[in-house]
Amino acid sequence: MQENALETARAVARPSREAMLQRHPSVSTFWNQNSDMFAQAWAEWEMTADAGAPTLESALYDEKLRSAVDAAWSDPTKEGAVRDLWKEVFPGVYKTQFFDPEKLQTLRAYLDAAAKADIPLRPPYGISLNRGGAMLDTRSEGYLAAPGFQEFYTGLMDRYMRPVSRMLFPDVIGYDTQTFGFSIQWQADADTSLRAHTDASSVTLNINLNLLGEDFSGSGVRFFDHATRQVSELFFEPGTALIHHGTVPHESMPITQGERSNFVLWLYGENGQIPPRNAAPKAVSAAERWMLPTAKSDGFAPF
Ligand SMILES: O=C(O)CCC(=O)C(=O)O
Ligand SMILES: [Fe+2]
């Protein structure tokens, strides 16, 4: 174990923005060679009293969702109460109140403190570079490795996202063992939009982290339905989430004022597999939906 990894991480020379944008091989080398030291630095950061990182607790979840999820884990035949909290707001897109907007300040304060920790953290570059975001999953180079955050993230994926996905989208069962996630921040004067695309996921859960009164203009997500040719722009209120198959095309519309912060979370199968088109949904019992997969992380990261 490294002595004072936090100081070492803060002092390390970072790749240039140009090198990152060009996906220069030296950038990958930088993250890989330093990954243990950065993980240690995040652990030290979280332990130091001046880090200002609050503890992430289950109280963050909306009370109705949390009690229904807890009840379903105790008795999976009660899962219907979780299902009833999701409303289909567009063909194949469901919405719920996911986090308690009154409690989101804790998570946002944590993420702000992490951004200021001065430990190298990699922003997500999928089909665009989002400067304000961070990679969240252990499989990603330069991810947010703080142990308290990782415990929270793992709970979110295992206790909430996977069983909900299995209930709403039964075809994803068997294509849901692997987790991936990143945070994004749209700012009126920086990154503002994202062209129409599909995600390389079986399921995407997109959770808004804006605080009450933290208003923004624009920044809806437009969804496209193949079958009906319907196009709708959906909007986030603080703490609400949308969940959909990764194959549903969507587009982030320009933000014209303020900021919007979201977690974008993915499930997929080993080696990035997603369900085949028109796959017959597997008939599984409620107990099998409320279960942790035995497969470990395969380390594959789409970006
Ligand atoms: O703007 C959003 O919330 C959606 C972002 C998105 O679709 C993506 O990052 O893949
Ligand atoms: Fe997307």
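Read the numbers this way: they start at 1 and go in the same order the structure lists the ligands and their atoms.
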### Query
Hey, which atoms in ligand 1 end up nearer than 4.0 Å to a heavy atom of W186?
1 (O), 2 (C)
### Check: T204/N206 side-chain N/O donor and acceptor closer than 3.5 Å
no
### Query
Any idea which atoms of ligand 1 are less than 4.0 Å away from a heavy-atom of V221?
1 (O), 2 (C), 3 (O)
### Query
With a 4.0 Å cut-off on heavy atoms, is E251 touching ligand 1?
no
### Summary
Looking at T198, N206, L242, the heavy atom closest to atom 4 (C) of ligand 1 belongs to N206
### Task
Could you list the atoms of ligand 1 found under 4.0 angstrom from a heavy atom of S252?
1 (O), 2 (C), 4 (C), 5 (C)
### Task
Tell me, yes or no, whether the heavy-atom count around E233 atom CD, taken from other residues, nucleotides or ligands under 6.0 Å, exceeds 12.
yes
### Query
Given that the side chain starts at C-beta and the backbone is N, CA, C, O, which of these parts of T204 lies under 4.0 Å from ligand 1, counting heavy atoms, or is it both or neither?
neither
### Task
Would you check if there is a donor-acceptor pair between the side chains of Y110 and E46 at a distance under 3.5 Å?
yes
### Query
Of all N/O/S atoms in D199, which lies nearest to the Fe ion (ligand 2)?
OD1
### Query
So F182 and F303, ring-ring contact (aromatic ring centres under 6.0 Å, His included) or not? Walk me through it.
CA-CA 10 Å; F182 51 94; F303 59 81; 5.3 Å; yes
### Query
Of all the atoms in ligand 1, which lie at a distance below 4.0 Å from a heavy atom belonging to F182?
9 (O)
### Exceeds 12 heavy-atom contacts within 6.0 angstrom, atom CD of E151
no
### Message
If only side-chain N and O atoms count, and only distance matters, is there a donor-acceptor pair under 3.5 Å linking S232 with Q230?
### Response
yes
